[in-house]
Amino acid sequence: MNILDIVGINMRFGGLMALADISFNVVKGEILGLIGPNGAGKSTMFNCISGVLKPTSGDMLFETGNRKIRINGYKPEKMTYLGVARTFQNVRLFSALTVLDNVRIGRHCRTRSNFFGAVLRTRSQKEEEQRIVDESINWLKFVGLDKFAFLTAGGLSYGFQRKLEIARSLATDPSLLLLDEPAAGMNPKETKSLVELIHSISDLGITVILIEHDMKLVMGICKRLVVLDHGVMIAQGGPRAIRENPKVIEAYLGRGAADA
Amino acid sequence: MNINLKDALKYLLLAAVLIYPLFSFANEYFLHVMVLIMVYMVLAMGLNIVPGFCGLLDLGYVGFYGIGAYTAGLLTIHFGLSFWVIVPLAALNGAIWGILLGAPTLRLTGDYFAIVTFGFSELVVLFLTNEIWLTRGPLGLPGIDPVIIDFSWFSTLINPEWDWYWEFIGPQPYFYLGLFMVALVYVIMGRMEDSRLGRAWFAIREDSIAASSCGINLLTYKVIGFAISAAIGAVAGAFLARWTMFLSPDMFKFWESFLILCMVVLGGLGNFKGSLVGAAILIALGEVLRIILPALNLPTETRFLAYGLIMVLMMRFRPMGFFPSIATQSQKNPILIKLKKELGSS
Amino acid sequence: MFEQQLINGLTLGMIYALIAVGYTMVYGVIQLINFAHGEIFMLAAFLAVTFITVFGLPIYIVIIMTMGCCALIGVLLDIFAYRPLRQSPRLAALITAIGMSIFLQNLAMIIWGSRPKPFVQSALPPFLRTTALTVGDASISWLQLFIFGIASLLMIILFLIINKTRVGTAMRALSQNRTSAALMGINVNRVISFTFALGSSMGAVAGIMVAIYYNTLYPTMGYVAGVKAFAAAVLGGIGSVPGAMIGGIVLGIAEALGAGYISSLYRDGIAYAVMIAVIIFRPSGILGKSTLEKV
């Protein structure tokens, strides 16, 4: 059962073909690795799926509520509402706000109180606020940041900021989570706890697509990988097959490396 | 209850300010300045929503102030509507213009928005100056009734002798009405800040791309912020119309927008309590300079030199304003206080 | 009537274009609306009059001296006001810009008084006021020709600087990507200073021209002219120098024709309305290109 079908996606920036005829499926519940050298188009792919960019052509079909819908050109907030959450290659937190507020903002799309509720402090608004705090603190516990709830997000260490960003995206109740290089800049200890975190996210039934440069990490976590190079999909399959695929070796190490 | 000295002093001061107008030695001029400060407190709080909460520069706030004032003035003169009906109507008119201007322009980057708001407020002044059939143009709009509290329709039902009818004369009643207005806007600001709405604004200010990835519709929330800010400006305008009983287009020139922005910057962007202090300081400073500058043979407009300098220096050395410590309302939120206790104990 | 309005509009448009290039170049390199640019335009008029009355210099020397002084003011403005805020949020720089604008305007008011002054006519060659040629019902004065000539000359020089010199290449590189430009060994701050100097000296010429053309100068003249020139820059596509030139001319003509045929009361309003309409319907302007934020 696929949660996402990517069918013949093209993304063109002026004369540059950032993605050319990409097709792959994402199976519900899996952890899919999306790898490739720098400039391969991985983040562009994420931007298309999460609604930041609209692909030039092709189809993206997302399963929600037992229905497949075509999500091309949906706005990011709409995608979040449908159940696609993401993190960013360079961490994007609300740095001046507290850790708790960052996660509370993640609950935005699942709550509904408005100006009148806020000003009149209606009963339903108060209950909702309590629920938001409870759920947010649970997600902070899930990533292990609850004791920092009242600190400013910008003051956290880099590894914790990455985890906070994950907690914030989890707070949107996603069915599909896009992680853009979550281990970048982490030390080995932090990376290890990140791996555990990704596994426990997967255990919640959330499908994960992972962009990562750390090959050891990707090969360890993902049962299946998609490899992009210069906007073209050059391989997909299990870790072992990918590791031995000559095209992949060539893409990473340069022409001739596969023969050597 | 333990009330420390600082709190006690604070409440004592507040009480003194509250009862001051009742004393016979209360100075008319001083009371007038206090009412003026209150008008600007409301304006500064209202403006703070746009640059402070949403992170967008609004250079045309005075446009909404003017729209509110003329809405109130014209409705009073032509239809004799009561102040209590006019205030919501003025707020509504301000909000409508906020939406009309904001919806098409808030999609763009903040720079464009700043310049559009500026152009808008200039157009408002041009309209007020040139549409003489409606506004009497540069001659101004005199003869606006003061605020009236009229319960005579009710009191005469009980006893024909009773006439519950009060017309606001002199600064004292406006002082208390102004205070009520400041308190009301203050409470609304505090509640908005500590809510889903306020958090959405802060998210947009901090990082709009991340905010939309949290499911926040950027345009909707920016327009809501701009409209509420406009409505608050219009309320201050309605108060001004019924207080000064005279309006002219000159009262709504760009300088006013700049002055209000300067109050917001001084008090701290995003810190609506600081805006109160900013308004009080700059109005007081303005009054002092109004006396000093002619003595130095300078035109009184040159006081804006000081305001310009304040803004530049604040951005350079104190970008969070002078009072960053009183910034967050949520520290008083019972839900969070409870949570803090739980986290602390575990 | 129509031809005359067209010629008046074109004259005005050349002046707007000269100011607009200053906005657009600075926006190109540091993505900041330099609100104080209009004040440099105003200061130029006052400095020119001061040089004439105090030193009794001929007008051509005065123009060059004023250009130099304004270039220096522009550079100092950047160094003291904007440079410390390069890493701050854009809102902070924008507020500083508006603060500097008000500061300079009131400084001028303190130095030269708030009342409008006439330009020193005796410093100008008398033939400037006479008619140079007539086309149908319309007449063109030598002054208007002079403004066309000098503005066109400056535009050509500017075009050559931007497209043919090393520093011009550096400016264009900077407007593409500041970080990469710095990595390529471009001295970013020096190029930014140069941009301010170039834009300010163009604005200075415009200031003197306006003071001569309308025979009046006053401390708030930079405020309206500045906004209109910014509208011209937006119209042409902010960041695009040829766009600013075209935008200035289009706006000048639109304003003259609008004032002639629609309502002179809303003369200033036309610029604002054009600006708002462009921002709403075509924010990239005539020649600008839309940019994407990198995620």
Side-chain angles (χ1 to χ4, degrees), chain B residues 51-52 55-57 59 101 103-105 107-116 118-123 125-127 129-132 137 205-206 208-209 213 254-255 257-258 261-262 264-265 269 293 296 298-299 301-317 319, chain C residues 27 31-33 35-36 80-82 84-85 88-110 113-115 219-220 223-224 227 230-231 233-234 238 263-269 271-281 283 291 293-295:
Chain B
L56 295 156
L57 185 55
L59 293 176
L101 183 65
T105 55
R107 281 176 297 139
L108 307 161
T109 63
D111 307 329
Y112 282 125
F113 177 70
I115 205 83
V116 162
F118 175 85
F120 170 74
S121 80
E122 290 293 294
L123 284 176
V125 174
L126 279 173
F127 179 87
T129 314
N130 293 327
E131 298 306 312
I132 295 171
R205 180 190 70 192
E206 293 292 313
S208 56
I209 289 174
S213 88
F254 172 68
W255 312 112
S257 285
F258 181 76
L261 185 64
C262 195
V264 171
V265 167
L269 288 163
L293 288 174
L296 296 170
L298 290 170
E301 298 90 64
T302 49
R303 66 181 184 279
F304 278 91
L305 181 94
Y307 302 157
L309 206 57
I310 287 175
M311 250 158 79
V312 173
L313 295 177
M314 288 298 292
M315 281 296 114
R316 176 86 165 79
F317 299 106
Chain C
Y27 195 90
Q31 282 77 47
L32 169 74
I33 301 177
F35 285 106
F80 287 107
Y82 303 147
L85 296 175
S88 307
R90 277 164 83 167
L91 184 64
L94 213 53
I95 288 176
T96 302
I98 196 96
M100 279 314 296
S101 157
I102 304 283
F103 174 78
L104 290 174
Q105 192 176 108
N106 285 282
L107 195 65
M109 212 180 275
I110 288 173
S114 58
R115 240 176 273 142
T220 49
Y223 150 79
V224 177
V227 176
F230 183 77
V234 169
I238 191 98
S263 158
S264 61
L265 294 172
Y266 282 99
R267 189 186 184 94
D268 292 346
Y272 305 134
V274 165
M275 181 174 73
I276 294 178
V278 171
I279 288 177
I280 291 173
F281 297 111
T291 49
E293 188 164 0
K294 191 167 161 61
V295 180

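By convention in this document, chain letters (A, B, ...) are assigned in the order of the sequence lines, proteins followed by strands, and residues within each chain are numbered from 1.
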**Message:** Does any backbone or side-chain atom of B:Leu298 lie under 4.5 Å from a heavy atom of chain C? Answer side chain, backbone, both or neither.
**Reply:** side chain

**Item:** Any C:Phe35 side-chain heavy atom under 4.5 Å of B:Ile115 side chain
**Value:** yes

**Request:** Provide the closest heavy-atom pair for B:Glu122 versus C:Tyr223 in the form atom of the first, atom of the second, distance.
**Result:** OE2-OH, 2.9 Å

**Item:** Interface moiety of B:Val265 toward chain C, non-hydrogen atoms closer than 4.5 Å
**Value:** side chain

**Criterion side chain to side chain contact (heavy atoms under 4.5 Å, CB included) on B:Tyr307 and C:Ile102, from CA distance to verdict** = CA-CA 8 Å; B:Tyr307 302 157; C:Ile102 304 283; 5.6 Å; no

**Nearest atoms (heavy-atom pairs only) where C:Ile95 meets B:Met311** = CG2-CE, 3.7 Å

**Message:** Working to the nearest 0.5 angstrom, can you tell me the gap between B:Leu57 CG and C:Arg90 CZ?
**Reply:** 11.5 Å

**Prompt:** Checking heavy atoms, do the side chain of C:Ile110, its backbone, both or neither come under 4.5 Å from chain B?
**Reply:** both

**Item:** Shortest non-hydrogen separation from B:Arg316 to C:Leu85 and the atoms involved
**Value:** CA-CD2, 4.2 Å

**Item:** Euclidean distance, C:Ile276 CD1 relative to B:Leu101 CG, rounded to 0.5 Å
**Value:** 6.5 Å

**Prompt:** Relative to chain C, which of B:Pro51, B:Gly55, B:Gly119 shows the most heavy atom pairs under 4.5 Å?
**Reply:** B:Gly119

**Proximity breakdown for B:Leu59 and chain C, heavy-atom pairs closer than 4.5 Å** = side chain

**Fill in**
Minimal heavy-atom distance between C:Thr96 and B:Met315, with the atoms involved, is OG1-CB, 3.3 Å

**Prompt:** Which bit of C:Met100 comes within less than 4.5 Å of chain B, counting heavy atoms only: side chain, backbone, both or neither?
**Reply:** both

**Message:** Need one label for C:Gln31: side chain, backbone, both or neither, based on atoms under 4.5 Å from any heavy atom in chain B.
**Reply:** backbone

**Asked** Considering only heavy atoms, which portion of B:Phe258 lies under 4.5 Å from any heavy atom of chain C: side chain, backbone, both, or neither?
**Response** side chain

**Fill in**
Minimal heavy-atom distance between C:Leu91 and B:Leu56, with the atoms involved, is CD1-C, 4.1 Å

**Request:** Name the region of B:Pro319, side chain, backbone, both or neither, that has any atom closer than 4.5 Å to a heavy atom of chain C.
**Result:** neither

**Asked** With only heavy atoms counted, which part of B:Arg107 is less than 4.5 Å from chain C, the side chain, the backbone, both or neither?
**Response** side chain

**Request:** State, yes or no, whether a side-chain contact exists between B:Phe118 and C:Val227 at a heavy-atom distance under 4.5 Å.
**Result:** yes

